[in-house]
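Take a look at the structure set out below.
Atom set for the values below is all heavy atoms of this structure, side chains included, hydrogens, waters and symmetry mates excluded. Below, chains carry the letters A, B, ... as their sequence lines are ordered, and counting in each starts from 1.
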Amino acid sequence: MSKNLRVKTSKFVDETYRVSFKFNGSRYYGYKGDTLASALLANDIHLVGRSFKYHRPRGIMTSGSEEPNAIVQLHNNSDRTEPNVRATEIEIYEGLEASSQNCWPSVNFDIGGINNLLSPLLPAGFYYKTFMWPASFWEKYEYFIRKSAGLGKSPTTPDPDIYEHEYIHCDVLIVGAGISGIMAAKTAAKNGLKTLLVDEKPNLGGSTVYQNSEHFKINNQNSGSWLEKEINEIKKIDNLDIRIRTSVAAFHGYNFLLARENLTDHLPIEQRKNKTRQKLLKIRAKKVITASGSLERPLIFDNNDRPGILLSSAIKRYADLFGVACGEKNIFLTNNDSAYESAISLIQKGIKVEAIVDNREEIESKLLYEVEKNNIKVFKGFTIVNTNGYKKINKVSLMKLSKDGQKVIGSKINLSCDCLGVSGGWTPAVHLFTQSGGKLKFREEDQVFIPNKYSSEQISIGACNGDLTLEDIIENTPKYLKEFLNIKKTDYDNVEVFSSENKSKRNIWLLPSDKILGKTKSFVDYQNDATAKDIKLALREGFRSIEHVKRYTTTGMGTDQGKLGNMHALGIISETAGTKMGEHGTTTFRPPYTPLTFGTIVGRNVGEYFDVFRKTPMHEWHLKNKAEFENVGQWKRAWYYPKNNENMFEAVQRESKAARESAGILDASTLGKIDIQGTDASEFLNRVYTNAWSKLAVGKCRYGLMLNEDGMVYDDGVTTRLGENHYIMTTTTGGAANVLGKLEDYLQTEWPELDVYLTSVTDHFATISVCGPNSKKIISNVIPDLDLSDENFPHMSFKNAKIGKINCRVMRISFTGEHSYEINIQANYANSVWEKCMEVGKDFNITPYGTETMHLLRAEKGFIIVGQDTDATMTPIDLQMDWIVSKKKYDFIGKRSLYRSDTIKDDRKQLVGLLTDNPNEILEEGAQIVADVNKSPIEMLGHVTSSYYSPNLKKSIALGVVRGGKNMMGKKLIIPMENKTINVTVADPVFLDKENKRLNA
Amino acid sequence: MLNYNQSLPEKKLFQDLQISEITPIMKLIIRGKKREFFSAIGKSLNILLPVESNTSTQSQKLSALWLSPDEWMIFSNETSDKNSNYNETEELLIKNISSVNLGAVTDVTDQFVMINLKGDKAYKLFQTGSPFNFNDFQNKKGAVTQTIIAKVDVIIHNQDKNDVNLFVRRSFSEHLFSWMTDAASRL
């Protein structure tokens, strides 16, 4: 039986362009411009999913982003799969594949439907009272609970699409391009303001643009035609940026908003390649005008959730915008005039309306008269008490309402139908307004929350501000715009409006039934299967706060965030508990307004752009020479250079040996370099380092230690005096930015009287370090004019030099303990110098080494690495570096803290060397150190901070921190590991060449 | 003879946008507060340092960007010889400024990579990665700002209409260039 549910041609859908798509494996056809929902309805498909808890058959309920039921999985089992997509939003494209969620094996026959029979056992909060016994069964319960949690399925392969961000600064942002939004956009833009207009739908004009009725006129034209003309006009305005398919997700403080612009989701997959799929717009607007409209309310009665029950405005939209009939025998249940608008649209299109059931008694409404004129029965003062039809509605039962609306009286009337439209009135969409910190007030006449106090330069206009009729919108909007935008007149000051609508409404939150509440299933939250019964249960169990009731019943916690049902929940709570709606307000609205994909949030920061990577000038050379890299802060540093399939251990052993036997070369460019100039430079250094600097001669280098104000070691490095008032300071790689920031901060806030200036030259100079017994020979070949004799160029001094025509600096600084030179050369010449060193050093087996070997070599000499052997809790005394703390200096950063009762204690953790009894046993960094394994609890004395196998000493060496370690020289300690215990002896942290003879070798 | 290896050898051309590194460009950071500092700069270089924040000035040979109340970047309007890194301007200012204790002069020629963007899509490109408001900036010749693009610190200088200079630390330059050319490909 194939029904023709397509009615008169609609100009919003292109009926010359047929599109094929698949739903649950079967192929269907629609037109370009259809959403998946409109196309399914045109194919007479209402059943699209099963509800979350009870697995009840559910159908399409709305035609917008507030959809609770028709959420589908797109492209299941592919890299483009996406769960919980609203069928009412996704526009169909050739090749679209969608499937129902939360059902197995199919939506038509779902085993989970048994939950519907078990429903008495599954009221709200049932999981707080179950799955507790026996306790040992929890992991079994958990397995099944996990399987039944959630709705759709997450993707399991990487997202193939590209996402971007865009920052937009504008004078005015208008959210929503319905009639009020269009009026605002034209007004703002024509007054020279840089304006951004966004709408979540693919067409502008909201619901007015397809209004085609004699009952709603503006300036004597159909309101729809009038608005269409306005839209055509604004499309031509230059300083107006219009973005469709753009949904505002969040309204943050100070008019910062996030919006998601959909660019390719409506295109066939082949057309999406290399295009941005979605953009996250980060908008900062001087003024925001929210024109987000309102959402229609359903009504709460027994079995109000069957497929075929839709919002009456959705039925109208499917007919007027998409040209689709939702049913051939339509009935409406309403408490206000809106359903009559929908009925009239259906009549105009030749779709049958059986009856209208109106909660209101006798009312004077032109719309009502028109409907009655068409021989449609209107049941006044009636309500629906039940519906039938498991997979599609086929019958409704009505009864008369008592005068006070609390009960039903009389006998039941049964009417057959295949579609029921419900209209419970309108809820202004105040989500964004409240997110931004706005405060609401409650309007009693039609039971709505509307904006009251704004928290920033913003206003709300139109339906979202409580102007729910065309007359109110046309009358009020120009007023608000003029005041807000500070202008004298708008194009809309004298517009004539005519509307047949009667504003009367009979609001009954929970419609009465002939059954007791416990025997009804009146859904308030469709997505989470929360019923009116559940809400009353929560109140009976003692929950009073609306936030508690929400969470206990999960009302409003689904992906639709309760857009349809939250007001009813609040209404039922206030009636039952006897509180006032205006007093308890609403639950907190949180972003995003509709779900955002992770891709959109992350933007382009994926893959190689996930994080920033800094590279040295020799990076390409390291790559070409097969270096493995490690991340040091934001830098990529060569870690080791494996040759002939070496593993790291083997490479490091080879590199370490070569550096001490002949020559090694290291890229040290990443260390921070700060140029210091000024007459107070020496004084400045005295204040920031622990040691003395005033007497350092020009041309000499000195190692310095930096403390924080708490006395803990924070950074270290060698600083060179280049001139009378000129130094260059080095810092650790990871600490460079922090040190510069801190020092600049001190100069600006603590010592503004000092004549010192700092400038970073970390990237300007590359640093090439050549070390080893043959380093002198290599350097002399690279810089032949430099006198490298010890008298002229002693250790810890610097020389200006020239390589070819290029000026550079050479320092004799050693972190390895070998005779060593560091060439500081301008970055763009560095690679060339590095290659020269390699070429010249070939005869000396010059061996490039990375950070791992560098760590090993310095450990052999007992040199600390800040951040490895220290952890911001070590003072210089703890590190056995008393020698570097000046006793004579009046003050330096951290000095006072070295004399606190805590920092002068004897038994603090102190740096020591550790030698294993078995020289081949290498300790694990981080391993705990104890004295006695038999004591219980075992007392931890410290831990291993650095550990290596030294090829030069042919044994394992380690540094560690041990409580009272200074006085434990020679003592035997124990390192308990998971499967064994290792014996160690406390030793001098300097393992090699204590006399430093190798420096001048 | 040493080889010269600039950070970004490739020029990228898109519709309405050209992105390339300009090098070698002599750059200095000068810092000072005293009145004598300003007059010495003026006399030595024939250029008035901009005192209004986020602005720049130009002479025939040099441009000066305001970076902070006591910090400017001076760079050459023309490229220099790759075969030598003798910095004449630096020598002059060492003589007239730092050695007479009027302020600090530091060569930062390779500290920053100068990327030039030509075309009317430059600001659209910046808007994919920078939160800065370029609405007024793009119409103000000589405007300077320090902001971030894709988490990387940059200095942006509006040289002329459809002609923007961007300075980024050399170590970040490859990452930023890759990110920008990727974003530009979809503008």
Side-chain angles (χ1 to χ4, degrees), chain A residues 162 164-170 194 274-276 282 284 603-605 608-609 611-617 619-620 634-635 669-670 675-679 723-726 755-766 803-808 825-833 835-836, chain B residues 1-7 23-24 27 29-34 70-71 81-87 94 98-99 101 103-113 124 126-136 150-152 168-176 178-179 182-183 185-186:
Chain A
I162 298 174
E164 301 223 72
H165 290 176
E166 186 183 338
Y167 292 86
I168 302 181
H169 295 261
C170 57
K194 183 167 194 267
N274 295 327
K275 293 204 185 96
T276 307
K282 297 177 161 182
R284 181 76 68 178
R604 201 70 187 104
N605 300 323
E608 64 185 292
Y609 303 122
D611 205 351
V612 178
F613 285 116
R614 296 174 76 172
K615 298 179 182 154
T616 71
H619 187 84
E620 289 302 313
Q634 290 178 312
W635 293 89
S669 307
T670 61
D675 187 287
I676 305 175
Q677 292 178 36
T679 54
E724 183 70 33
N725 296 316
H726 192 186
D755 175 36
V756 192
Y757 291 103
L758 309 176
T759 304
S760 166
V761 289
T762 304
D763 292 56
H764 176 76
F765 289 112
I803 304 179
K805 286 212 213 142
I806 307 302
N807 294 310
C808 64
I825 180 128
Q826 205 173 308
N828 284 349
Y829 301 101
N831 192 63
S832 191
V833 172
E835 285 181 339
K836 203 149 197 241
Chain B
M1 264 282 263
L2 287 182
N3 291 327
Y4 186 82
N5 290 104
Q6 68 189 83
S7 174
T23 193
K27 307 172 196 77
I29 295 252
I30 56 173
R31 301 193 68 170
K33 297 191 198 28
K34 307 182 198 162
D70 61 10
E71 189 178 10
D81 178 20
K82 287 184 182 162
N83 296 316
S84 151
N85 70 341
Y86 174 65
N87 191 333
I94 289 174
S98 50
S99 59
N101 300 328
V105 178
T106 314
D107 187 344
V108 291
T109 298
D110 283 357
Q111 170 80 356
F112 297 98
V113 160
K124 239 186 142 44
F126 296 154
Q127 279 158 12
T128 60
S130 169
F132 185 73
N133 184 351
F134 289 101
N135 288 342
D136 294 332
K151 306 196 256 187
V152 176
V168 60
R169 282 204 190 201
R170 194 184 191 284
S171 59
F172 290 98
S173 58
E174 205 191 299
H175 176 94
L176 181 66
S178 169
W179 195 96
D182 168 77
S185 68
R186 284 183 305 275

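The candidate with the highest count of non-hydrogen atom pairs below 4.5 Å against chain A, out of B:Leu2, B:Asn83, B:Thr128, B:Asn3, is B:Leu2. Of the listed residues (A:Lys805, A:Gln826, A:Glu835), the greatest number of heavy-atom pairs within a distance under 4.5 Å of chain B belongs to A:Gln826. With chain B as the partner, the residue from A:Thr679, A:Val761, A:Asn605, A:Thr616 showing the most heavy-atom pairs under 4.5 Å is A:Val761. Ranked by heavy-atom pairs under 4.5 Å with chain A, the list B:Ser84, B:Ser99, B:Gly103, B:Ser173 is led by B:Ser84. Chosen from A:Asn831, A:Val612, A:Thr670, A:Asp675, the residue pairing most often with chain B at heavy-atom distances under 4.5 Å is A:Val612. Note: A:Arg604 leads A:Lys282, A:Arg284, A:Arg604, A:Lys194 in heavy-atom pairs under 4.5 Å with chain B. Annotation: maximal heavy-atom pairing with chain A below 4.5 Å, among B:Lys33, B:Lys124, B:Met1, B:Lys27, occurs at B:Lys33. Contact count against chain B (heavy-atom pairs under 4.5 Å) is highest for A:Thr762 among A:Val756, A:Ile168, A:Thr762.
Legend: residues meeting ring-ring contact (aromatic ring centres under 6.0 Å, His included) with B:Phe134, ordered by chain and number and at least two apart, are B:Tyr123, B:Phe126, B:Phe132, B:Phe137. For B:Ser98, the side-chain contact (heavy atoms from CB on, under 4.5 Å) partners at least two apart in sequence or on another chain are A:Gln677, B:Ile94, B:Val105.
In this structure, the portions of A:Lys615 lying under 4.5 Å from any heavy atom of chain B include both its backbone and its side chain. If you measure heavy-atom distances from B:Ala183 to chain A, the contacts under 4.5 Å come from both the backbone and the side chain. Only the side chain of B:Asn135 comes within contact range of chain A, with at least one heavy atom under 4.5 Å from a heavy atom of that chain. Contacts of B:Ser7 with chain A are made by backbone atoms alone, with heavy-atom separations under 4.5 Å and no side-chain atom involved. Contact of A:Gln634 with chain B is made through the side chain alone, with heavy-atom distances under 4.5 Å. For chain B, no part of A:Ile676 is nearby; none of its heavy atoms comes within less than 4.5 Å.
Summarising the geometry, atom CD1 belonging to A:Ile162 is positioned 7.0 Å from atom OG belonging to B:Ser185; distances are rounded to the nearest 0.5 Å. Distance check: B:Asp110 CG to A:Tyr829 OH gives 7.5 Å after rounding to the nearest 0.5 Å. Here the CG atom belonging to A:Asp611 is positioned 7.5 Å from the NE2 atom belonging to B:His175, to the nearest 0.5 angstrom. Separation of atoms CD (B:Gln6) and CG (A:Asn828) is listed at 7.0 Å; rounding is to 0.5 Å. Between the CG atom in B:Asp107 and the OG1 atom in A:Thr759 there is a gap of 11.0 Å [rounded to 0.5 Å].
A donor-acceptor pair is defined here as one N or O able to donate and one able to accept, closer than 3.5 Å; such a pair exists between the side chain of B:Asn85 and the backbone of A:Asn807. With hydrogens and angles ignored, the 3.5 Å screen pairs no side-chain donor or acceptor of B:Gln127 with any backbone N or O of A:Glu166. Side-chain atoms of B:Arg186 never come within 3.5 Å of backbone atoms of A:Asn274 as a donor-acceptor pair (strictly under, hydrogens ignored). Side-chain N or O atoms of A:His764 include none that pairs as donor or acceptor with a backbone N or O of B:Arg170 at under 3.5 Å. In this structure, the side chain of B:Tyr4 does not engage the main chain of A:Ser832 through any donor-acceptor pair within 3.5 Å.
A:Tyr757 approaches B:Ala104 most closely through the heavy-atom pair CB-CB, 3.6 Å.
Checked by atom type, the side-chain pair A:Ser760/B:Arg169 shows a donor-acceptor distance below 3.5 Å. When only modelled atom types and interatomic distance are considered, B:Asn101 and A:Asn725 share a side-chain donor-acceptor pair under 3.5 Å.
Side chains of A:Tyr609 and B:Asp182 form a contact here, defined as non-hydrogen atoms less than 4.5 Å apart.
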